[in-house]
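Worksheet: one structure, shown below.
Throughout, protein chains are lettered first and strands after them, A, B, ... in sequence-line order, and every chain is numbered starting at 1.
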Amino acid sequence: MLDNIPILTLLTFSPLLGIIAVLLIPKEMGHWLKTAAIVSTLVSLVLAGWMFIGLDHDLEGMQYEEKATWIEIALNQEAPNLNAAEKLIYQFNYSLGADGLSGALAFLTALISSMAAFASVHIKKRWKTFYLWFLILQIGMFGVFLSRDLFLFFLFFEATLIPMFFLIGIWGFSDREKAANKFLIYNGIGSAIMLIAFLMLINTAGFSTPQEDPTQPLQLIYSGDVGTIYQNLQDPGSYANVHHDRVGTANPFYMGLAMKEWIFLMLLIAFGIKLPIFPFHTWMLKVHIEAPPSVVMIHSGILLKMGAYGLLRFGVELLPEQAQTFALLIGIVGVVNILYGAVLALVQKEFRLILAYSSISHMGIVLLGIAALNVTGLQGAAFQLVSHGLISALLFLIVGSIIERTNTTELNRLGGLAKAMPFMSGMLLVGGLASLGLPGMSGFVSEFLAFLGLFETMPVLAIVGALGIIITAVYVLRGVLAITYGQLPEKFQEDGTVLRDARLTEAIPMIVLTAFIVLLGIYPSVLSEPLHHALSSMLARIGG
Amino acid sequence: MQMMQLAFADLRYLGPELTLVIAAILLSLLDLVVPRRFNRSWLGGLTLLSLAVSAVFVVIAMRMYNGADAEAIQLLAQSYRVDDFGNLLKLFILTGTFLTVLMSFGTVKDEDIPHQGEYYYLFLPAALGAMVMVSSGDLITLFVGLELLSITSYIMVGLKKNDQKSNESAFKYVVLGGISTAFILYGMSFLYGVTGTTNMAAMNAELRFIDPSMSGLVYMSFFLMLAGFAFKIASAPFHAWAPDVYQGAHTPVTAFLAVVSKGAALALLFRILYNVYFNVGDSDTPIHDDLFLIIAIIAAASMILGNAMALKQHNMKRLLAYSGIANAGYLLVPLAAEFGPMHYSNFTELYYYLAAYLFMNIGAFAALIAVSRSAGHEEMSAFDGLYYRNPALAAGMVILVLSLAGLPITGGFFGKFYILLGTVAVAKYWLAAIMIITSVISFYYYFGIIRQMFMRSHAPSERLHAGWAQQLTVWICAGATILMGIFPKPIIGYIEQIFHLTVDFFI
Amino acid sequence: MDNIANSYFLLAAILFCVGLYGALSKRNAVIVLLSVELMLNAVNLNLIAFAKYGPVPSITGQIFSLFTITVAAAEAAIGIAILIALYRNKGTTDVLEMNAMKK
Amino acid sequence: MEFTHYAWLIPVFPLLAFLVLTALGRQMKGIATGFSILAAAAAFIMAVLVFTERLGENVVDYTWDGFKWIGIGDFAIQMGYEVNNLNTLMLVIVTLVSLLVNVYSLGYMKDDERINTFFAYVSLFTFSMLGLVLSINLVQFFIFWELVGVCSFLLVGFWYTKPAARAAAKKAFIVTRIGDVGLFIGMLLLFWNMPGNSLEFSAIHNAAHTGALSANVITAAAILVFIGAVGKSGQFPLHTWLPDAMEGPTPISALIHAATMVAAGVYLVARTFPLFEESQAALTTVAIVGGFTAIFAATIALAQNDIKRILAYSTVSQLGYMMLAMGIGTMSSYTAGMFHLYTHAFFKALLFLGAGSVIHAVNEQDIRKMGGLGSKMKITMITFAIGTLALSGIVPFAGFWSKDAILTEAYHNVPVLFWVALVAAFFTALYMARLFFLVFTGKPRSDMHPHESPAVMTLPLLVLAVLAIIAGFVYFPGNAWFGEWLLGESPGEHADMTVMILSTVAGVGGLLIGWLLYGRRTFTEDWVEARALPAYQLLNRKYYIDELYDNGVVKPLRGIGYLLDWFDRYIVDGAVKVLSGVMTGTGRIGLRMQNGQLQAYGLIGVVGLLILIVAVVGRRYFHVG
């Protein structure tokens, strides 16, 4: 019903509205800048909600398709076998599309960005540039989830690096520049490896001769469009899968099994760096400590999800056979992630580090869901993406407010906040309980589905992973109770710094996020229905 | 041997070159005649004018003699060709020189460059030498062009007579340049010896049926010539001169060296590699594969070494020198990725990245001039707090640095992406991998500049007013970079449409 | 290719190597410039030898050597001019002293 | 029949109270607590109506599962509620005890400024407990199961300023969580093996009977479910959290840690009883764990000095009895187990509330400092006495009939466990006597001025005392109505005089010795400690189980954590630094070559060229490698 309005382009570039407003408002009027940014994020939230509700649940494949040719790189055709063709081009078009998975994640992006806009009220300096980079980052994130072309996906993927570099580097805490550098180099290498894998895909599976009837002049097109690549990889007769030479010389488009496995491994590593898989996670810890809390809300709420989304969209959907061969590896890495993150979170002295390690542990659950390679597992993984996004956003929102009042999150220098700030400690407790998977909140549903899915294919891994739930309960309670329960440290008592409870602008985002977390916990099919078709079509080829 | 004579009618093909020669002579005479107090920047203006006129001639040539079946015009038995390969590169050289001269307005002051007039019109013979290099099909004219460019650039580097550093770097440049010329000549002598002719097409015909005993000499000829050209491009093993010369020379001259002379030398290597040494040698002595492998190794070495050395660099000119070495590596990659079954567009990739390299490098140097004039030194700290002092310049510089680093929606990004597409199409994955990983490592020092501009707030906070010329150059380059990043289609389409391998490139 | 030609090429190679060695080891700047000229002349010798005794003898070699001679002269002139400017400022022609610009 | 249809209303009342209290808690100071009592009363009335409606003979179970919770692939998990006789029994118990505790808390928590939050948590707990009782499938059961765990965590840690309360709350949640993971894995196992992937309890019943599930799946599922029950009901390995949970306010100990939540474990075993019936291995484990916990906890209770800890260990021991009954596996032992759960809920709640009124009066929990409170606190003493007699299993009181039923079953099926249970009964009587005589009789041991608790606290005591007396007559050798009502067919009860005599002897003997030791002071009270000091010390320190867990599990885990933290900081980060070091290293080498010497540059070029020539072309001629 929404096909006539290009809603996806509107949504992706809705932050432009805010950017223009921010540019126009002079630098001194901080209050106006904040409201302009918040209003712009709310506009994108409304658009994202409208799009998500408009998603037709039982329609296969992509909806709201928008396609416009953007880049057609003409290639040299003077070679003997090529000059017959009317056109030999690399075609990268601006094509957006949304299905259950990307629609849900786009809505999550809009929601968390608007909540982060609320939370960034604590920013003290240079609001203009802050909101500029904040909104550009939002465009990048929308683009990543909605783009249906490899080149466009890579472009938006890289486009999120620059704003994050500035956001961490300028507004972070003491060691911010080192953290910004580490973030840039790690993610740069991650996207570099991804680029190589994409190029291999474009140059082999991307090749097609799209003209329908042979009478028309021959068109040879390399395209980055995910749809064509999916077709070529799927149908055995396509250039990519036929071994004997068809184009005179050896078939240059043939994708051997080894090559497919290499591509999948590269994608796993590239997205593994983004979704921190065990060995590549150290950069994320630095960012979680040094970046300002509202930026960390976005980073751990959405940026980590891009890795998992990429793994699902390009790893599992395009190369399902390879996904099967690597399923055990992903499973083991997932369990390692869960246990490693949980045990380390147990001994941290800084609350933000506990949250960072808990993000690693929760992303391990996503990996388990993916490793299951059945509809339940994938649904669990997709659910965990959304639920962890909401929960970590809520937790970092509260951390932001706590830092603004006590400017520390060291466990031994905090305590007894429940007396001074009952509302916020209540919210922190709710966030903690949601993150340890208390039923009635979204954390439980995703854990339940992920482990359920994995139990069918790899029961032993599921059981070992389930032990992680116990340790999660331990470190969450240790962290949350150390801050809220117990006595108020004397530092905050005697010098009269009355720790006032959450103001309205802080309370609203907390309540909204908690509402979503509880809604997903009580009535999960509001999210599982749209996900349903996106994931089952993903597994159609291997009978998931 | 039919009589080869240059008829008057042929002069109309040589429009661009003649304008430069006449302009050079007139300006040097004008400089002599005109009294001392006459402001020499008028000469700069005239130089710009002559460059523009020459560019107009080139564009006319491109439109006039082109056509689907048009045969490339060649004079004096291929010694001078007016083909689209040459025209496109002439356009590149002229824009490069134009922008370098434009950015040097206001920087040429008496105390360090005594002969101001000379400074301006010396660019003309250098540009002429480069144009001759790229449009010659014969070794001799090619050599003459190369030497004209080299010798003029020796002088330009040494123009700052009173500055000890500039003299030193000029001397280093002369000696090492001389050695590299000797290497090139020695290689050319072997090449001539083995094939008996200096015309590229004839040479290739000879080399294909060379008897194996001579293959040693063929290898020797290629290695010696490669040493010379690699020196000119400042790629890996022969890069050592670049940082000192770049630091010593006057900044616009450094820009000229980094862009125009490197680009011309690359085009020359491209022409020789694909015309003379193309599938030479047979199965047991595969000279063709060895040569292309060496080019790939040199490319990889300069990418790794260039980026590595730039990591801990604080002097901006030396940093841009090392980034120039790395970019020489990136530019060599399309050469190394030879033709594949579906991949024949090496030239377009090379040219597109060369154009992007031109804009981002000259823009960076122009911004450096503006900033170092007020800071007094050329360290990276000159950029401190630029965001506060001159936001427009800072924004322009961010775009240029993003393009240098190869991050999206900039010309540099798309150039690298296009080269990578070609390299992966030819299944040279290791080369593509090195290119990408080293360009990610380059984020570190490029973003060092951004850190200085945005994250250092303790700089003196009074506004920095950059010269109009530098501001204009930065904005032209930044605008061009953004355009090349977002709309690559028209540029690449135009190149593919007019450039035909068989007609314009193979002699 | 009989042995006369070989002896010419051998001589040219020796001359070239001597010139290269001289350029890279001599301390006096003038001698360095001189050895660069030596290398260029070695090339001339090689060209002439190929023109006369080479596998495909032809006149182009000699024309080529004419060009190289003129270019070598131009280069020598520029080299000396820059050396004089350097000497005036620095007071020494010792090549090892010219290391004002380090890493 | 229509009341059963509205059974879902029962949990909704406390939920509404919870929402009202949290939303408007701060503003409405006084009347907020009224809401909670009102809701509890309404729920109780509704439960009684449903109970009376189902008293008739041929009453059919009612299930409704309309609410589609989540669709996975081609099957979906539906939510709803189920009403059968077992549930109705639990509904009545929970709502009654919750009502009485609500009333009692009015008095007990009167001067606490967070009284509204307290009542909110109590209502939330009642809602989740009732939800648990009514749930139709294992997933919904698990959801409410964890919600109940959270409520116990919140309420135990209610006085959060006390560090002991904080540690106890954390411990309670984590230890029950360990059990919950067992149940969680059991649920996953069942989900994939059940025909049609449905986890409905009814589906589990007939799947177990018809043999659709393989033998070892049943055993594995049963044991995993039992682990969950062990965690929640504080059975042997996972019992350490229950005594520490006494840090919470006493009404909570009465409601949660005596009558309802801890009974949920037994209720779960009852709910999935067909699974246990099919696997003998599971039954023996349940019986052994139950029996062992009974005797184990009873011995520890002997040597405790805190009034609430004695009652806590007594609860653990009585739950051991129930598990023992379930473990015997016959339909009559199942009925005996549920009957003991029913009676135990009343007299244990009575004892806790009695203890609460004592603590409220003298503000002291150590029984060695108390004494002679009987004179001033008449009603509390009398009701406490009734509770003690009921718990020790003296003839007319409810405890006797239910414990006797279990002992008879044990006697007929597993004689070994019968004797263990009998000894435990003797110890029970002994420690209850010790508690009663030390607190209420003799001269006061420290300067206390006890006063009787207000009416609002003594009323519930009286109601529970009456129930403790009459509750037993529902199922005694003469009248097996309770069994028939519960199972729908006669449990085949066979009274056994010898068991009755033996259990009375054990009970009366225990009380007599207790009276002798502590009542009349014939021996000085530290007689037991003097004679059997090492044994006393062992029991007092609770067999050092807490220390065992602390050093055996918590410290090694923390150790691994620090090790991994070091590993993460140095090895993983180190590897990255090495990589970046390689890069800056090559840079440094390159820079060292830039020493400013003109001739050095030339040399680098020439040497580089030679290396290239040798590397690429050399291998052609020298065939090296």
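Pairs of residues two or more places apart, or lying in two chains, that qualify as salt bridge (Lys or Arg N to Asp or Glu O under 4.0 Å) and include a residue from residues 144-161 of chain D are Glu146(D)-Arg177(D).
The choice from Lys170(D), Arg569(D), Arg166(D) that makes the most heavy-atom pairs within less than 4.5 Å of chain A is Arg166(D). Here Gly437(A) is the residue among Gly415(A), Gly440(A), Gly437(A), Pro422(A) with the most heavy-atom pairs under 4.5 Å with chain D.
Nearest heavy atoms, His281(A) versus Val572(D): CE1-CG1, 4.1 Å. In this structure, Leu564(D) and Leu344(A) approach most closely via the heavy-atom pair C-CD2, 3.5 Å. Closest approach of Trp69(D) to Ile522(A), counting heavy atoms only: NE1-O, 2.9 Å.
The contact between Glu456(A) and chain D is made by backbone and side chain atoms together, counting heavy-atom distances below 4.5 Å. With a threshold of 4.5 angstrom between heavy atoms, Tyr562(D) approaches chain A through its backbone and through its side chain. For a residue to count as touching a neighbouring chain, one of its non-hydrogen atoms must lie under 4.5 Å from one of that chain's; by this rule Met79(D) does not touch chain A. In this structure, the portions of Lys68(D) lying under 4.5 Å from any heavy atom of chain A include both its backbone and its side chain. Of the atoms belonging to Pro279(A), it is backbone heavy atoms, and not side-chain ones, that fall under 4.5 Å from chain D. When heavy atoms are compared at a cutoff of 4.5 Å, Leu429(A) approaches chain D solely by way of its side chain, counted from C-beta outward. Leu449(A) touches chain D through its side chain: at least one heavy atom from C-beta onward sits under 4.5 Å away, while N, CA, C and O do not.
Ring pair Phe67(D)/Tyr523(A) is parallel by interplanar angle, where below 30° counts as parallel and above 60° as perpendicular. Using a 30° and 60° split on the angle between ring planes, Phe278(A) and Phe567(D) fall in the parallel class, below 30°. Note on ring orientation: taking the six-membered ring where Trp is involved, the planes of Phe448(A) and Phe191(D) are perpendicular (angle over 60°, cut-offs 30° and 60°).
Around atom CH2 of Trp192(D), more than 12 heavy atoms belonging to other residues, nucleotides or ligands sit under 6.0 Å away. In the displayed structure, Lys419(A) atom NZ is contacted under 6.0 Å by at most 12 heavy atoms of other residues, nucleotides or ligands. Around the OH atom of Tyr570(D), the shell of radius 6.0 Å holds no more than 12 heavy atoms that belong to other residues, nucleotides or ligands.
Rounded to the nearest 0.5 angstrom, Leu438(A) CG and Asp180(D) CG are separated by 10.0 Å. Atom CD1 of residue Ile185(D) and atom CG of residue Leu467(A) lie 6.0 Å apart, to the nearest 0.5 angstrom. To the nearest 0.5 Å, atoms CD1 (Ile77(D)) and CG (Leu452(A)) are separated by 6.5 Å. If you take OG1 on Thr376(A) and CG on Leu188(D), they are separated by 11.0 Å, rounding to the nearest 0.5 Å. Going from atom CG of Leu436(A) over to atom CD1 of Ile174(D) covers 9.5 Å, rounded to the nearest 0.5 Å. Rounding to the nearest 0.5 angstrom, the gap separating the CG atom in Leu190(D) from the CZ atom in Phe455(A) is 9.5 Å.
Residues Phe142(D) and Phe444(A) bring their aromatic ring centres within 6.0 Å.
Just one residue in the list Ile560(D), Val554(D), Leu557(D) forms a side chain to side chain contact (heavy atoms under 4.5 Å, CB included) with Leu346(A), and that residue is Leu557(D).
In this structure, the side chains of Trp283(A) and Val576(D) stay at 4.5 Å or more apart for every pair of heavy atoms.
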Inset, instruction - Under the side-chain contact (heavy atoms from CB on, under 4.5 Å) rule, what do Val476(A) and Phe173(D) come out as? Steps first, then yes or no, please. - result: CA-CA 11 Å; Val476(A) 165; Phe173(D) 189 79; over 6 Å; no

Inset, instruction - Might you work through the side-chain contact (heavy atoms from CB on, under 4.5 Å) test for Asp565(D) and Tyr357(A), ending with a clear yes or no? - result: CA-CA 11 Å; Asp565(D) 190 48; Tyr357(A) 278 112; 4.1 Å; yes

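The pair Asp573(D)-Lys286(A) does not meet the salt-bridge criterion, since no charged nitrogen lies less than 4.0 angstrom from a carboxylate oxygen.
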